[in-house]
Amino acid sequence: MPNQKRRKDVRNLAIIAHVDHGKTTLVDALLKYTGAYEFKDGEVAIMDSNPLEKERGITILSKNASLQYKGVQLNLVDTPGHADFGSEVERILKMVDGVLLLVDAFEGPMPQTKFVLKKSLELHLKPILVINKLDRAHARPDEVADMTFDLFCELHASDEQLDFPIVYASGKDGYATLDLDEPRDSMKPLLETILHRVLPPIANPDLPFQMLVTMLDYNSYAGRIAIGRIFHGVVRVGDPVALVKRDGTVARGKAAKIMKYRGLIRIEVNEAMAGDIISISGIEDVEVGETLTCIDKPKGLPTIKIDEPTISMNFSHNTSPLSGKDGGRFLTSRHIRERLEHEAMINVGIKVEEVLGTDRLKVSGRGELHLAILIETMRREGYEMEVSRPQVILKKMGSQTLEPVEEVVIEVENEYQGVVMQAIGARKAQMRDMKTTSSGTIRMEFVVASRALIGFRSDFLMMTRGNGVMYQNFFEYQTHKGDMPTRQSGVLIAHGSGDAVAYALYNLQPRGDIFVKPGERLYEGMIVGVNNKGADIVVNALRGKKLTNMRASGSDDAIMLIPPRQMTIEFALEFIEDDELVEITPKYVRLRKLHLTEVARKRLSRSAKSK
């Protein structure tokens, strides 16, 4: 393009990494060093402002921050590290001119490292490698640098991209260095590297205004808020703007409010120009991937390609006998529908569709965690719902049926290697690599069908006594792998409604794990535990001990109950079968049969056999 100009007072960059490699902590260190944010005592991971992010210790939503260094404004975007939130990463990389690729100084490159690096190389971005967590025991920065270089080569990086700078850092201790033998006292070496290695944005203020919408926010007062980077031109408050939709149609709007980032907060400004990352309100029906442009020459930018969802499940209002009794405020199908449609509007990784002939909605996402986070967010907002078992999304290509497969990396102690390989081998996994790490653990890499992994994580944690580590990342679509093993255990189903009795639960314990505690409300068809012998059976969890006027030796011993299994949304989604549902309320996660009465279940079973 003629007359290209670069705006040297701005740098736009994203921070990308595998989950838990220290992105948010490194941003904390940069904010402290530049004084962009005043931290209170004990305040950490300030970018993870969402309560769920604080609890789980992971980044879920992409967030912007801005800091000043030597008169240059550095616009940083912290991206999620988990593969299920990859749609966030894909959008953010369209806004920036460079990336900080963080790699743990002990763990080295992991599956999500490969995913985010692949996306940035495809967009011709030149990463800065930051080997983080130098403070970790057994850190091996030189070996990790070689492993990362090999990953660049595997992903066919260009010669220019292979010439990446390496910065060694500890976000926790607040230092960075270019040489492991040099003193380590501040974040200055990293900031200097950013200034010299991240290209200033191409920004010609004389061209017509163009801005690519990469994120959306919502405010009940301002409506939809479009967030993105201005590629060309200038926009001022009150300017009429055109919205170029994905299909090429054009709508009109007005720039009612323009906001830039200062530190972690948005501040209102009167105008913004090419190179700025801004939020703008006043444009109705704006969607991610569309272009805001000048009204005179409405021309769209290339839209953002987002990978398709791989997992779906059905959502519906809560139909159990306990509906509305756990503090839920939003109970109807209309409430559920409106909330899910709002989520699909601002989260491009979510897709919502009608299920014909029912009041259920099919919700598709990038993985179990992606949908589990959505469910957890809704329950905290006061929604009650029931959801079905996750199903992988199959594709047809000619006469072939394709299904999603994932790269899985498992790291275990040597004693658990055999049992893990046997379990994942039964799920038709293909091993790609196995090696012993410097700490003595065994690291194995597999390619496994996504549906084979549904329910595997909880089994994996049990077989490794909670000591195993497992990461997974969407790989590609491959030909259908055939039948997969299903849950081997059956369930214990409550025969009636009432409060669970300790004496009855005590007598059920030998059959398998119990999911409820004494005094908890039960209803007919609710699942109260596991039957290890494999068949579903109806049990009486309401039966009390018969009382007599005689005392017998040993008959009045105290009942010792094993604590029930803590019911989480992730475990529930992995555990259930096709004829079961998860009931979600603000206070409880319950498991239940799709058909609550035994008569209805038997009738359905007979009709299925007769077909």
Side-chain angles (χ1 to χ4, degrees), residues 5-16 23 27 30-31 34 36-37 47 49 59 61-69 71-80 88-100 120 123 125 191 194-195 198-205 207 209-219 222 224-237 239 241 255-283 286-293 301-304 346 348:
K5 298 178 181 178
R6 292 194 179 269
R7 190 175 163 193
K8 296 184 179 180
D9 62 337
V10 172
R11 301 289 189 278
N12 296 320
L13 68 155
I15 302 183
I16 58 175
K23 301 180 299 299
V27 174
L30 292 171
L31 291 171
T34 58
Y37 181 83
M47 291 282 275
S49 54
T59 302
L61 303 172
S62 299
K63 288 171 287 291
N64 298 53
S66 174
L67 48 92
Q68 294 283 333
Y69 180 69
V72 177
Q73 179 173 319
L74 306 181
N75 293 318
L76 299 176
V77 191
D78 186 15
T79 62
E88 296 273 328
V89 179
E90 295 167 70
R91 290 183 283 163
I92 296 314
L93 293 177
K94 282 282 191 177
M95 287 202 298
V96 300
D97 302 291
V99 292
L100 299 183
S120 61
L123 292 169
L125 299 173
L191 290 164
I194 291 170
L195 281 190
V198 176
L199 288 172
I202 295 173
N204 192 336
L207 293 174
F209 168 63
Q210 279 184 310
M211 169 182 156
L212 183 65
V213 179
T214 48
M215 299 166 66
L216 284 178
D217 201 352
Y218 185 82
N219 181 295
R224 294 194 194 191
I225 300 172
I227 303 169
R229 169 181 163 181
I230 302 176
F231 280 81
H232 303 297
V234 177
V235 63
R236 298 176 180 84
V237 173
D239 280 356
V241 294
K257 186 184 292 186
I258 301 171
M259 290 165 283
K260 288 185 183 179
Y261 289 89
R262 179 178 295 167
L264 298 178
I265 61 172
R266 291 175 184 162
I267 58 167
E268 290 191 39
V269 295
N270 290 323
E271 70 172 32
M273 63 182 293
D276 286 331
I277 293 176
I278 66 166
S279 303
I280 184 168
S281 64
I283 297 91
V286 60
E287 303 281 355
V288 169
E290 297 174 349
T291 303
L292 295 178
T293 181
L301 293 163
T303 58
I304 302 171
I346 61 175
V348 294

How long is the span from the [atom1] atom in [X] to the [atom2] atom in [Y], to the nearest 0.5 Å?
X      : Y      : atom1 : atom2 : value
Ser66  : Asn12  : OG    : CG    : 9.0 Å
Ile277 : Ile230 : CD1   : CD1   : 10.0 Å
Glu287 : Arg224 : CD    : CZ    : 5.0 Å
Ile225 : Lys257 : CD1   : NZ    : 7.5 Å
Ile258 : Asp276 : CD1   : CG    : 10.0 Å
Asn204 : Met273 : CG    : CE    : 8.5 Å

For a quick test of reading the model, state the closest non-hydrogen atom pair linking [X] to [Y] and the distance between them.
X      : Y      : value
Ala226 : Leu292 : CB-CD1, 4.3 Å
Leu67  : Leu76  : CD2-CD1, 3.6 Å
Ala272 : Lys260 : CB-CE, 4.0 Å
Gly275 : Asn75  : O-ND2, 4.5 Å
Gly282 : Ala256 : CA-CB, 3.9 Å
Pro201 : Arg229 : CB-NH2, 3.3 Å

Strictly distance-based, threshold 3.5 Å: is any side-chain N or O of [X] a donor or acceptor partner for the main-chain N or O of [Y]?
X      : Y      : answer
Thr293 : Phe209 : yes
Arg266 : Met259 : no
Thr34  : Tyr69  : no

Side chain proximity check, [X] to [Y], heavy atoms < 4.5 angstrom:
X      : Y      : answer
Leu100 : Ile194 : yes
Val72  : Asp9   : no
Val77  : Tyr261 : no
Val235 : Met211 : no
Leu74  : Leu191 : yes

Is the shortest side-chain N to carboxylate O distance from Arg7 to Asp97 below 4.0 Å?
-> no
Report the C-alpha separation of Arg6 and Leu199 in whole Å, then their side-chain angles, then the decisive distance to 0.1 Å, and conclude whether the side chain to side chain contact (heavy atoms under 4.5 Å, CB included) test is met.
-> CA-CA 8 Å; Arg6 292 194 179 269; Leu199 288 172; 3.9 Å; yes
